[in-house]
Amino acid sequence: MTHDQNDPVSGERRLLSRRSVLTTMGALPVITAATSVLGATEAAAATATINPSAQRQTIRGFGGMAHAAWIGDLTAAQRETAFGTGEGRLGFSILRIPVGESQADFGRDLATAKRAAELGVTVFASPWNPPAAMIETFNRNGQTNAKRLRYDQYAAYAQHLNSFSTYMRNNGVNLYAISVQNEPDYAHDWTWWTSTEMVKFLRENAGSINTRVIAPESFQYVKSMSDPILNDSTALANVDIIGAHLYGTSYSNFPYPLFKQKGAGKDLWMTEVYYPNSTDSADTWPQALDVGEHMHRAMVEAEFQAYVWWYIRRSYGPMREDGQLSKRGAIMAQFARFVRPGYVRIDATANPASNVYVSAYRNGDSVVIVAINKGTSGVSQQFTVANAGSASVSSWLTDGSRNVAPQAATTMSNGSLTVTLPARSMTTFVTSLSGGSSPSPSPVLSPTPSPSPSPSASPSGGTGTGPRVAYTMNSWDGGFTAAVSITNTGTSTIDGWTLSFTLPSGQSITSGWNATYSPSSGQVSARNVSYNGTIAPGATVDIGFQATHTGNTAKPTAFTLNGVPCTVA
């Protein structure tokens, strides 16, 4: 991705305008936002049928890019807005950062990445250029200073990526994945790669990379960049995520049949976009609804598992320069705050009426329905959820005057819910298949873990002083999330652990992350999972869970780790 060309920032480079390139490639037109709402008659739509048993892709999350070197870092408050899940937050569960071109640059985005990781956010990285010593220039279609990675430096480049990953890990951020190259097919001011070169690197060198690998991150989802990877079994074996950008990509090009045919066991991520342009304010309405349709189609038609915006904080981005949510950001939050990592998209009638778009997601008994009405009139929309009973339904609305605003609770009766979708609006509904109260407005689930050494079969180690535990709650009416930090204050490594505590009366765990919990209430044992069983002296492991309560929001009063009493911070 090039810097945006219309809002200069000190130090930003001047590159060939992406806009001129997209114009020649048939980019989507710039949309002029209307200023009036036409029509007030409520129309009826066909029933939107939702089948929780028909499961599609697992969602990894929604997020954006931080790039301190180009536009400055997020402030501490802006990090909370970006990655928090409560009211007024974006709820982003993915952060993308750049790979520094030299080790002196590795720490530029560390502060934001570290806070994101502390909040359970998936962090991945993309490089724009290898170290200068690894690059050679060549003539590419008249560009005499075009850059490419020297063929004799492929192994060294893989080690460079490992060095960045190791640096981040040593400073508290376990990268989920690292990309081979940002936009190798749009590299006028960074490093070009052909599809042949990409396959060669993946075949011969990517296997040595110490975290998941993303490729090829084509700037316009050009299938000729990714097809050769899918068609080469050795290259494909060394890739974990097929990454793509969607600049000017037509909706007709969203589906990827070859990936469905050959991508078993791999993820498909949309790793960068701004939409529909970078020229207009992100608060332009109803143009911001175009972002909602774009996200809907990315989930339903392209079946991406992740959706990542370009700059998080920008005049055209989800967060304004003053740190507040923009209209585009509110639209993104209608997905990001409620469709959390680990949720699975389920079948739903995608287009029950003209200008109405519906998608649905499930996690256990929880069902999230996201409905967009781009029309100029309200729509009476019925949803039917197969094999569901009666349950409370919570909802949040964004329209011309409201941003992710909580709405009055309603009820799904015998699996049926009829609501009005206001003109030019987006609504997220949260309900339960099993009845009772609707789930939390801000569910938090863990991303798929990063690989790390497996612990020993039985808990051991940690001699010296007792461990330290910090327990933080975020509660609401009927539910809460708990973030738990475990610090090894001893002198030896803990190799396998079980944290025990007693939940106060009326509290019951419904889901958790970074540990296995049993039972769900009373005296609970939280045991390490495969990737976090080892806690070095002075190191900290973060776990957490979501729970219900009946009015008692007290905290556990005591903890033991492997039977050793803990100090409670």
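On a predicted model such as this, the values are computed, not experimentally measured, just so you know.
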Exercise. Is it true that F545 and Y517 have ring centroids separated by less than 6.0 Å?
Worked result: yes
Exercise. Is it the case that H245 and T271 place a side-chain donor and acceptor less than 3.5 Å from each other?
Worked result: yes
Exercise. Any sub-3.5 Å donor-acceptor pair from Q181's side-chain atoms to W128's backbone N or O?
Worked result: yes
Exercise. Taking atom OG of S163 and atom CG of N210, what is their separation to the nearest 0.5 Å?
Worked result: 8.5 Å
For this session: Output all residues satisfying ring-ring contact (aromatic ring centres under 6.0 Å, His included) with F164, sequence neighbours left out; order by chain, then residue number.
Result: F106
Exercise. Mind checking what makes side-chain contact (heavy atoms from CB on, under 4.5 Å) contact with A539, not counting sequence neighbours?
Worked result: I535, A536
Problem set entry | Results of ring-ring contact (aromatic ring centres under 6.0 Å, His included) for Y357 - residues two or more places apart only | H296
Problem set entry | Residues S252, S250; criterion side chain to side chain donor-acceptor pair (under 3.5 Å); working and verdict | CA-CA 5 Å; S252 64; S250 65; 2.9 Å; yes
For this session: Using side chain to side chain contact (heavy atoms under 4.5 Å, CB included) as the criterion, point out the one residue from W310, W309, W70 that pairs with M65.
Result: W310
Exercise. Is it true that E303 and R56 make a salt bridge, defined as a side-chain N closer than 4.0 Å to a carboxylate O?
Worked result: no
For this session: Kindly indicate whether a cation-pi arrangement holds for R140 with W192, taking the cut-offs as under 6.0 Å to the six-membered ring centre and within 45° of the axis.
Result: yes
For this session: I would like to know whether N145 and T137 meet side chain to side chain donor-acceptor pair (under 3.5 Å); could you show each step before the answer?
Result: CA-CA 5 Å; N145 64 342; T137 58; over 6 Å; no
For this session: Measure the shortest side-chain to side-chain distance between P184 and M225 over non-hydrogen atoms and say whether it is less than 4.5 angstrom.
Result: yes
Problem set entry | Residues which pass side chain to side chain donor-acceptor pair (under 3.5 Å) with S485, listed by chain and number, not counting sequence neighbours | D542
For this session: Evaluate the side chain to side chain contact (heavy atoms under 4.5 Å, CB included) criterion for residues M319 and S326: first the C-alpha distance (whole Å), next the side-chain angles of each, then the deciding distance (0.1 Å), finally the verdict.
Result: CA-CA 5 Å; M319 183 189 295; S326 67; over 6 Å; no
Exercise. Should P130 and Q153 count as side-chain neighbours, where that means a heavy-atom distance under 4.5 Å?
Worked result: no
Exercise. R362 side chain to A54 main-chain N or O, any donor-acceptor pair under 3.5 Å?
Worked result: no
Exercise. Is there side-chain contact between Y311 and Y316, with heavy atoms separated by less than 4.5 Å?
Worked result: yes
Exercise. What pair of heavy atoms forms the shortest contact from L202 to A215, and how long is it?
Worked result: CD1-CB, 4.2 Å
Seminar exercise, completed: Result for side-chain hydrogen bond (donor to acceptor under 3.5 Å, both in side chains) between D73 and one of H67, R79, Q78 points to R79
For this session: Could you tell me the separation between the CG atom of N532 and the CG atom of N174, rounded to the nearest 0.5 Å?
Result: 9.5 Å
Exercise. Any donor-acceptor pair under 3.5 Å linking the side chain of S165 with the backbone of L161?
Worked result: no
Exercise. Is the side chain of T249 donor-acceptor paired with the backbone N or O of Q220 at a distance under 3.5 Å, no angle test?
Worked result: yes
Problem set entry | Contact list for residues 118-130, test salt bridge (charged side-chain N to carboxylate O under 4.0 Å, His left out), sequence neighbours left out | R115-E118
Exercise. Relative to the ring of H188, is the ring of Y186 parallel (under 30°), tilted (30 to 60°) or perpendicular (over 60°)?
Worked result: perpendicular
For this session: Would you confirm whether R337, through its side chain, and G91, through its main-chain N or O, come within 3.5 Å as a donor-acceptor pair?
Result: no
For this session: Tell me, with the steps shown, if F338 and F429 meet side chain to side chain contact (heavy atoms under 4.5 Å, CB included).
Result: CA-CA 9 Å; F338 308 100; F429 303 92; over 6 Å; no
Exercise. So is R212 actually on top of Y176's ring, under 6.0 Å and inside 45° of the axis?
Worked result: yes
For this session: Begin from the C-alpha positions of V358 and T349 and carry the test side chain to side chain contact (heavy atoms under 4.5 Å, CB included) through to its verdict.
Result: CA-CA 6 Å; V358 173; T349 304; 5.9 Å; no
Exercise. Side-chain donor-acceptor pair under 3.5 Å between R527 and T498, yes or no?
Worked result: yes
Problem set entry | Side-chain heavy atoms of V308 within contact of F124, under 4.5 Å | yes
Exercise. Between atom OG1 of T122 and atom CZ of F62, what is the distance when rounded to the nearest 0.5 Å?
Worked result: 12.5 Å
Exercise. Is a donor on one side and an acceptor on the other found under 3.5 Å between the side chain of K266 and the backbone of I242?
Worked result: no
Problem set entry | Set of residues satisfying ring-ring contact (aromatic ring centres under 6.0 Å, His included) with respect to Y307, sequence neighbours excluded | H294
Exercise. Taking C-beta and beyond as the side chain, do V430 and S366 meet within less than 4.5 Å on heavy atoms?
Worked result: no
Problem set entry | side chain to side chain donor-acceptor pair (under 3.5 Å) partners for R297, two or more places apart | E293, E301
Exercise. Backbone N or O of S126 within a donor-acceptor pair of the N182 side chain at under 3.5 Å?
Worked result: no
For this session: Only counting residues at least two apart or in another chain, list the ones meeting side chain to side chain donor-acceptor pair (under 3.5 Å) with Q305.
Result: D267
For this session: For the pair F254 and F304, name the ring-plane relationship: parallel under 30°, tilted 30 to 60°, perpendicular over 60°.
Result: perpendicular
For this session: Find out whether P216 and S226 are in side-chain contact, i.e. whether some heavy atom of one side chain is under 4.5 Å from a heavy atom of the other.
Result: yes
Exercise. Is it true that a side-chain atom of N238 and a backbone atom of N205 form a donor plus acceptor pair closer than 3.5 Å?
Worked result: no
For this session: Please confirm whether the backbone N or O of L236 pairs with a side-chain atom of K262, one donor and one acceptor, at under 3.5 Å?
Result: no
Exercise. Picking from I241, T211, I214, what satisfies side chain to side chain contact (heavy atoms under 4.5 Å, CB included) with I178?
Worked result: T211
Problem set entry | For E204, all residues meeting salt bridge (charged side-chain N to carboxylate O under 4.0 Å, His left out), sequence neighbours excluded | K200
Seminar exercise, completed: Separation between OG1 (T510) and CD (Q546), nearest 0.5 Å, reads 4.0 Å
Exercise. So do the side chains of M426 and V370 get within less than 4.5 Å of each other, counting heavy atoms only?
Worked result: yes
For this session: Under the side chain to side chain donor-acceptor pair (under 3.5 Å) rule, collect the residues that match up with T540, sequence neighbours excluded.
Result: T487
Exercise. Who pairs with Y154 by ring-ring contact (aromatic ring centres under 6.0 Å, His included), at least two apart in sequence or on another chain?
Worked result: Y151, W193, F201
For this session: Quick one: do V339 and M299 satisfy side chain to side chain contact (heavy atoms under 4.5 Å, CB included)? Show the steps, please.
Result: CA-CA 11 Å; V339 183; M299 296 293 107; over 6 Å; no
Exercise. Is a donor on one side and an acceptor on the other found under 3.5 Å between the side chain of N528 and the backbone of W497?
Worked result: yes
For this session: Quick one: which residue pairs count as a salt bridge (charged side-chain N to carboxylate O under 4.0 Å, His left out) with a foot in residues 213-234, not counting sequence neighbours?
Result: R96-E217, R203-D232
For this session: Taking the side chain as every heavy atom from C-beta outward, state whether L246 and F219 have any pair of such atoms under 4.5 Å apart.
Result: no
